[in-house]
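This report concerns only the one structure given below.
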Amino acid sequence: MHQTRRLLAQFSNFVILCLLLCGGQPTVAQTPSDLPAGSLTQADSQNVDLVGHVGGSATAVVVQGDYAYLGFRFRLVILNIANPATPVVVGQTGLLPYIVEDVSVSGGYAYVAGGDSGLRVVDVSNPVAPVEVGFCSTVGLAEGVAVYGSYTYVVDGNSGMRVVDVSNPAAPVEVGFYNTPGTALGVAVSGGYAYVADGYDGGLRVVDVRNPAAPVEVGFYDTPGEAQGVSVNGGYAYVADNYAGLRVVDVRNPVASVEVGYCDTPGTALDVSLSGGYAYIRTDDFGGGLLVVDVRNPAAPVEVGNYDTGGTASGVSVSGGYAYVAGEWISLRVVDVRNPVAPVGVGYYDTLRGATDVAVSGGYAYVANDYDGLHVVDVRSPAVPMEVGYCATPGSANGAVVSGGYAYVATSVGLRVVDVRNPAAPVEVGHCDTPGSAWGVAVSGGYAYVANGYDGGLHVVDVRNPAAPIEVGYCDTPGSAMDVAVSGGYAYVANDYAGMRVVDVSNPAAPVEVGFYDTPGSALDVAVSEGYAYVADGYNGGLRVVDVRNPTAPVEVGFFDTPGEARGVTLSGGYAYVADAWRGLRVVDVRNPVAPLEVGYYDKMVLSAEDVVVSDGYAYMADEDFGLFILSYLPYHTFLPLVLRDYVHYFEGPWEVEPNNTYLQANGPLISGRDYTGYPNDEKDYFSIYLRKPGPLTINLTDHTGQAVQLQLFYQGIDNRVAFDTVPPYTITHAGQPGWYYVYIYTGEGYNSTTPYTLRVTYPE
């Protein structure tokens with residue numbers, strides 16, 4: 001709910017220590033490649049799994065034909081751009097294990113540079129249903145990728161350039177590498193040579209890859225800046241050289257590369273794309289934008305046009321006279337560059353970003369967006385949330401609550417009432433301007449209680465007629481009223497540095513403060529249940545538990561010092577869920593309010609968790625930078641060894657992880673309806689399943705090429721086998737009760753690592 005950002009996302013090294021103590025690490029039966037080293041270094045979740053995600057900033061883009069392939073943080077989104085003015089989403093992948101840093105498309109496959117998850121291969125032959133089919137780990141951070149023939153060339157940060165054979169896209173395998181002297185950030189391949197933008201220390205490196213298994217450097221040019229990106233055409237390499245602008249290098253003789261021209265760019269040149277005699281440069285100038293440079297004479301490049309995209313650009317691709325610019329806060333901007341001297345924006349695709357608050361009702365999440373109003377997300381299938389509606393609000397949207405088919409949005413210009421009875425077409429029907437900036441809102445008994453920021457106090461608005469809300473009462477509170485909860489005739493106001501204030505609202509027209517508790521931090525949010533108030537108390541306060549059974553004399557009885565900055569809190573089933581800024585979601589057991597205990601957390605790829613709400617067993621967390629996370633707290637998580645546990649939380653399939661030779665090391669929990677794949681290369685493979693509610697559980701094992709095969713199902717532990725099948729096609733159907741199940745695949749003989757089997761489970765969600 002709060003705009004202060006904390007860009008302190010750090011990954012823990014705890015599991016590295018555990019690996020050293022345990023004397024090793026598991027391997028992966030994914031392909032002939034090994035498990036990526038980086039995958040085991042992230043102790044970033046415990047008992048909380050990422051189920052779905054939507055929104056955030058675009059991180060990469062490439063265009064081929066009528067489709068734009070857009071990296072959106074953890075997934076690849078495909079848009080139809082047959083009409084550049086109206087890009088339309090047609091398909092998207094499931095969640096990938098790391099941010100999409102770069103993407104290249106060839107032959108019906110998208111090759112994704114996925115940071116510390118290496119190279120990911122996605123089948124995009126059917127754009128409506130893209131699916132990851134293979135991956136290959138790399139030793140560093142995969143920053144960029146280029147495809148040439150049946151090989152991909154991955155620039156891997158401090159680990160140089162890796163050459164990966166993708167002749168079988170389902171089983172990519174590294175066949176060669178060249179460790180450049182700098183930090184490999186960009187790559188282009190032409191005529192048997194790879195041209196690597198090698199950062200500050202490396203400049204442009206020219207590598208002979210005619211023998212992909214033994215790449216060798218044959219030349220280089222030390223650019224004056226920091227080589228970030230490179231494109232090659234007609235015997236010239238065009239290098240985006242950060243603060244040194246665009247450098248043009250003659251590489252017609254790769255052994256003796258020489259600079260022949262340059263163009264100083266305003267701001268920093270971060271990447272470059274070529275089309276029709278022009279270079280299109282991604283720059284941070286204009287707050288983030290596109291620069292057009294005429295390079296028809298490589299010796300005298302000259303800037304001829306520019307376009308301010310309105311946000312930091314993260315990628316650019318040019319096709320058919322249009323430039324497609326991806327970026328932070330801008331998603332995708334389509335720029336008509338048919339007249340390069342006068343580029344003009346003609347289309348865009350926007351998604352949820354700047355999320356500050358969230359409410360869930362009837363299978364839809366209503367997200368207050370700091371910059372542009374209320375976004376509606378269909379979460380009836382939590383694993384694939386889809387944005388379906390939007391309503392602009394004046395000012396910034398800071399908080400939201402839904403009641404009776406209406407969303408009540410706290411904005412910087414007061415309370416806005418939005419009719420959401422048709423979630424796909426939300427429309428504002430009423431408003432009440434409050435004197436300050438509304439930060440939070442609660443609705444109870446036909447009244448909206450508005451926390452109205454600095455010097456704004458608590459305002460009570462009659463919303464029994466949503467089309468004509470009218471203020472009927474007001475209570476001035478010290479400090480800055482950030483949020484409010486209403487329970488039993490009292491409003492509990494999180495009042496920033498003035499702690500929590502208790503206001504008697506039994507008469508909404510005459511609210512009066514009757515008590516307060518001055519918390520040690522900055523009270524930013526509050527939730528109330530069964531006589532206790534739970535306060536998200538900012539950076540110094542964590543979670544405070546306050547006994548309010550006597551509202552006139554509230555007293556603290558317990559606290560838990562969260563590791564980040566507690567900004568939002570909600571309650572469900574005896575647990576407090578805390579949005580903890582850069583430390584993500586913290587789950588705290590408060591069944592004993594005097595002794596709150598953290599029992600789970602999720603802080604992978606989280607930058608600014610602002611608020612959280614729980615509905616139907618899922619936690620919906622608004623992150624100002626990354627959009628909406630949908631998370632699941634599993635209080636009885638698989639009892640995995642610590643070394644494996646953090647990887648299995650990372651487990652998205654489709655390949656099984658080894659060793660998983662007991663139920664204590666089971667892969668999972670498996671998602672209903674998804675295909676998982678493994679090799680019958682040993683006796684035992686175990687998988688875990690968690691049922692939230694009773695219903696039919698079906699397991700299908702196909703394409704198993706081993707002998708003496710058994711498919712077995714266990715409930716809760718290895719001592720409680722409930723079903724088995726030893727005759728192909730292997731199928732188990734079981735009337736499941738809530739709890740943990742374990743699938744055991746036994747192979748008696750005929751082991752192999754060449755023909756994979758497929759496992760699919762289905763169960764009620």
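If you read the sequence from its start, that first residue is 1, and numbering goes on from there.
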Legend entry - Close side-chain approach of Arg162 and Cys136, heavy atoms under 4.5 Å: no
Legend entry - Candidate list Ser317, Ser275, Ser231, Pro343, test side chain to side chain contact (heavy atoms under 4.5 Å, CB included), partner Tyr280, passing option: Ser275
Inset, instruction - For atom OH of Tyr236, decide whether the heavy atoms of other residues, nucleotides or ligands shown that lie under 6.0 angstrom number more than 12. - result: yes
Legend entry - Heavy-atom check, side chain of Val121 versus side chain of Tyr111, under 4.5 Å: yes
Legend entry - Spacing of OG1 belonging to Thr59 relative to CZ belonging to Arg75, to within rounding of 0.5 Å: 12.0 Å
Legend entry - Over all atoms of both residues, closest heavy-atom pair of Ser104 and Val147: OG-CG2, 3.6 Å
Inset, instruction - Using the side-chain contact (heavy atoms from CB on, under 4.5 Å) rule, take Leu70 and Tyr349 through it: C-alpha gap first, then chi angles, then the decisive distance, then the call. - result: CA-CA 10 Å; Leu70 197 61; Tyr349 168 73; 4.2 Å; yes
Legend entry - Closest approach of Val187 to Ala194 (non-hydrogen atoms, all atoms of both residues): CG2-CB, 4.4 Å
Inset, instruction - Decide yes or no for Val112 and Thr93: does some side-chain heavy atom of the first lie under 4.5 Å from some side-chain heavy atom of the second? - result: no
Legend entry - Set of residues satisfying side chain to side chain donor-acceptor pair (under 3.5 Å) with respect to Asp156, sequence neighbours excluded: Thr138
Legend entry - Residues, nucleotides or ligands: over 12 heavy atoms within 6.0 Å of Tyr193 OH: yes
Inset, instruction - To the nearest 0.5 angstrom, please state how far the CD atom of Gln228 sits from the CG atom of Asp198. - result: 11.0 Å
Inset, instruction - Using atom types as modelled and distance alone, determine if a side-chain donor or acceptor of Asp623 lies under 3.5 Å from a backbone N or O of Ser608. - result: yes
Legend entry - Pairwise salt bridge (charged side-chain N to carboxylate O under 4.0 Å, His left out) hits with a residue in residues 235-253, at least two apart: Arg247-Glu259, Asp250-Arg252
Legend entry - Note, Tyr676 side chain near Asn667 side chain (heavy atom, < 4.5 Å): no
Inset, instruction - Would you confirm whether Asp580, through its side chain, and Gly564, through its main-chain N or O, come within 3.5 Å as a donor-acceptor pair? - result: yes
Inset, instruction - Answer whether the closest heavy-atom distance between the side chains of Tyr151 and Val175 falls below 4.5 Å. - result: yes
Legend entry - Shortest non-hydrogen contact between Ala58 and Ser331, atoms and distance: CB-O, 3.2 Å
Inset, instruction - State, yes or no, whether a side-chain contact exists between Met621 and Val606 at a heavy-atom distance under 4.5 Å. - result: yes
Inset, instruction - First locate atom CG of Leu79, then atom OH of Tyr69, and finally report the distance between them rounded to the nearest 0.5 Å. - result: 10.5 Å
Inset, instruction - Look at the rings of Phe629 and Tyr602 and say which category their plane angle falls in: under 30° parallel, 30 to 60° tilted, over 60° perpendicular. - result: tilted
Legend entry - Flag for Asn158-Thr183: side-chain donor and acceptor within less than 3.5 Å: yes
Legend entry - salt bridge (charged side-chain N to carboxylate O under 4.0 Å, His left out) partners of residues 213-222, not counting sequence neighbours, each pair once: Arg205-Glu217
Legend entry - Partners meeting side chain to side chain donor-acceptor pair (under 3.5 Å) with Tyr148 (sequence neighbours left out): none
Inset, instruction - Please report the closest heavy-atom contact between Ala142 and Gly114, naming both atoms and the distance. - result: CB-N, 3.9 Å
Inset, instruction - Would you confirm whether Glu565, through its side chain, and Ala581, through its main-chain N or O, come within 3.5 Å as a donor-acceptor pair? - result: no
Inset, instruction - For the residue pair Arg120 and Leu76, establish whether any side-chain heavy-atom pair is separated by less than 4.5 Å. - result: no
Legend entry - Exercise: identify the closest heavy-atom pair between Gly202 and Pro181: CA-CG, 4.5 Å
Legend entry - By ring pair (Phe, Tyr, Trp, His ring centres under 6.0 Å) - contacts of Phe74 (at least two apart): His53, Phe626
Inset, instruction - Quick one: pull up CD1 in Ile78 and OH in Tyr67 and give me the separation to the nearest 0.5 Å. - result: 8.5 Å
Inset, instruction - With sequence neighbours excluded, tell me which residues meet side chain to side chain donor-acceptor pair (under 3.5 Å) with Ser106. - result: none
Inset, instruction - Mind checking the CG-CE spacing from Asn179 to Met161? Nearest 0.5 Å is all I need. - result: 10.5 Å
Inset, instruction - Apply side-chain contact (heavy atoms from CB on, under 4.5 Å) to Val272 and Val293, showing your working. - result: CA-CA 10 Å; Val272 58; Val293 178; over 6 Å; no
Inset, instruction - Taking all non-hydrogen atoms of both residues into account, name the closest pair between Thr223 and Gly203 and its distance. - result: OG1-CA, 3.5 Å
Inset, instruction - Check whether any side-chain N or O of Asn242 sits under 3.5 Å from a backbone N or O of Ala269 as a donor-acceptor pair, and report yes or no. - result: no
Inset, instruction - Measure the shortest side-chain to side-chain distance between Val304 and Tyr278 over non-hydrogen atoms and say whether it is less than 4.5 angstrom. - result: yes
Inset, instruction - Tell me, yes or no, whether the heavy-atom count around Phe177 atom CZ, taken from other residues, nucleotides or ligands under 6.0 Å, exceeds 12. - result: no
Inset, instruction - Report the C-alpha separation of Thr283 and Asn306 in whole Å, then their side-chain angles, then the decisive distance to 0.1 Å, and conclude whether the side-chain contact (heavy atoms from CB on, under 4.5 Å) test is met. - result: CA-CA 10 Å; Thr283 174; Asn306 62 67; over 6 Å; no
Inset, instruction - Report the distance from atom CD1 of Ile81 to atom CG of Leu332, rounding to the nearest 0.5 Å. - result: 8.0 Å
